[in-house]
Student: 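I'd like to ask you about the structure that follows.
Only this structure's heavy atoms are used, side chains among them; waters, hydrogens and symmetry mates stay out. Read the numbers this way: they start at 1 and go in the same order the structure lists the ligands and their atoms.
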Amino acid sequence: MLSCSVVAQKRTTFQPEKEWPDTEGKHINAHGGGILKKGKVYYWYGENRPDAGGSMNTGISVYTSRDLMNWENRGIALSVSSDTLSPIQAGCIMERPKVVYNRKTGKYVMLFHLELKGQGYAAAQVGFAVADQPEGPFRFLRGLRPNAGLWPVDFSKNDIEEACALDPFRYSNWWTPEWREAVKKGLFLARDLKGGQMSRDMTVYVDEDGTAYHLFSSEENLTLHLAELTEDYLDYTGKYIRIAPGGQNEAPALFKRDGKYWLITSGCTGWAPNEARMYVADSLWGEWKQLPNPFVGENAKKTFNGQSTFILPYKNQGFIFMGDIWNPKSLSSSRYLWLPIQFQKDGTPVIPYREEWTLKDLMK
Ligand code: DGJ
């Protein structure tokens with residue numbers, strides 16, 4: 001009997017910028033995403049975006065693959081709610097989901113950037129959701145602003161006094177040299193101390209000892225915060241630091257290689273591409289030192305039109321940079337920028353562009 005089903009051609013290479021059809025031939029809709037590996041299966045979670053507009057009417061997608069090139073659509077891992085009282089009601093914004101497995105509880109934990117329906121990007125919350133299976137369904141727990149009432153662990157008594165003395169009315173004009181100084185000293189940190197710190201673009205990183213960290217753009221997207229999560233990954237321990245105060249970093253992606261932590265971020269220009277930044281540290285708690293943009297070659301100053309979202313260690317063989325090439329007119333059709341990371345002799349990451357590549361191009 002003749003079958004009518006169309007079998008998508010198996011992919012054997014990565015092709016940045018191009019359409020990336022799933023196993024049913026539809027462009028993958030998992031933007032601002034991240035990857036979890038469980039057994040031999042990779043799970044790709046990302047924003048399931050509508051063809052037009054910026055708010056969500058579905059939720060967070062999940063796709064599975066064994067080779068990272070051919071992905072099967074497994075549906076919506078975390079659905080928006082039809083309950084109009086829910087923080088994740090249809091019409092909210094969910095961005096940059098990251099899922100981690102908790103060895104102690106046996107649960108899959110999702111953190112994502114949550115914006116409440118009808119409020120643009122003002123809520124600046126993190127959402128927590130949990131599931132028994134990697135493909136979901138994830139159950140939404142709550143949305144919040146982290147670390148209410150707490151100062152960063154490296155803030156001295158003097159730093160706290162200085163931050164508390166900053167009068168927001170004196171600095172109502174943004175971008176002046178005085179305002180920049182005040183931001184570094186904690187103008188917005190102090191402003192948001194009571195209600196919790198703003199949390200927008202984000203990632204989650206699990207270190208070798210199983211401790212998980214939430215890294216997010218805070219303080220009006222001006223300063224990154226790195227906050228330790230509790231053992232079950234469902235809350236904060238209260239221990240956190242600021243990274244690059246006033247540096248305006250978004251889209252954080254973090255990895256560890258040979259004992260060093262590398263952080264790749266973007267600047268803040270909405271959906272438009274900009275020049276990536278890179279930081280390195282011997283400990284997650286700092287000190288974080290800025291290095292030049294790791295992207296090299298033509299259009300490197302615009303990150304090849306992309307923006308970081310995640311860095312995936314592949315077996316013991318190397319690291320894959322994952323980014324998004326946003327199409328704000330139709331976010332669902334935004335493309336992907338996955339590239340192998342290369343390393344200089346001293347261990348510094350470098351990312352040249354490639355039109356097409358395979359896992360053999362990865363470098364330890
Ligand atoms: C830049 C962020 O990186 C994206 O995730 C998204 O929030 C856009 N800004 C919205 O303009």
Student: Does ligand 1 have an atom under 4.0 Å from some heavy atom of G270?
Tutor: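 Distance cut 4.0 Å: G270 passes for ligand 1.
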
Student: Parallel, tilted or perpendicular, judged at 30° and 60°: which one describes the rings of Y45 and Y43?
Tutor: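 Judged by the thresholds at 30° and 60°, the geometry between Y45 and Y43 is parallel.
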
Student: Are side-chain heavy atoms of R257 and F319 found at a separation under 4.5 Å?
Tutor: yes

Student: Would you say L150 and L234 are hydrophobically clustered, going by side-chain heavy atoms of ILVMFWY under 4.5 Å?
Tutor: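 Different clusters: L150 never reaches L234 through Ile, Leu, Val, Met, Phe, Trp or Tyr contacts under 4.5 Å.
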
Student: Are any of the N/O atoms on W326, whether in the backbone or the side chain, positioned under 3.5 angstrom from an N/O atom of ligand 1?
Tutor: no

Student: Do the side chains of F140 and F112 get nearer than 4.5 Å, heavy atoms only?
Tutor: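 Yes, their side chains come closer than 4.5 Å.
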
Student: Heavy atom under 4.0 Å from ligand 1: found in H113's side chain, backbone, both, or neither?
Tutor: neither

Student: Using a strict 4.0 Å cut-off to heavy atoms of E95, name the atoms of ligand 1 that fall inside it.
Tutor: 4 (C), 5 (O), 6 (C), 7 (O)

Student: In the protein, which heavy atom is nearest to atom 3 (O) of ligand 1, and how far is it?
Tutor: D201 OD2, 2.5 Å

Student: Starting from atom 5 (O) of ligand 1, what is the nearest protein heavy atom, named by residue and atom, and what distance separates them?
Tutor: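 I find the closest protein heavy atom is R96 NE, 2.9 Å.
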
Student: Any atoms of ligand 1 less than 4.0 Å from a non-hydrogen atom of Q307? List them with their elements.
Tutor: 3 (O)

Student: Are M198 and D192 side-chain neighbours, meaning at least one heavy-atom pair lies under 4.5 Å?
Tutor: yes

Student: I'd like to check Y213 versus Y240 (side-chain heavy atoms, cut-off strictly below 4.5 Å). Are they in contact?
Tutor: no

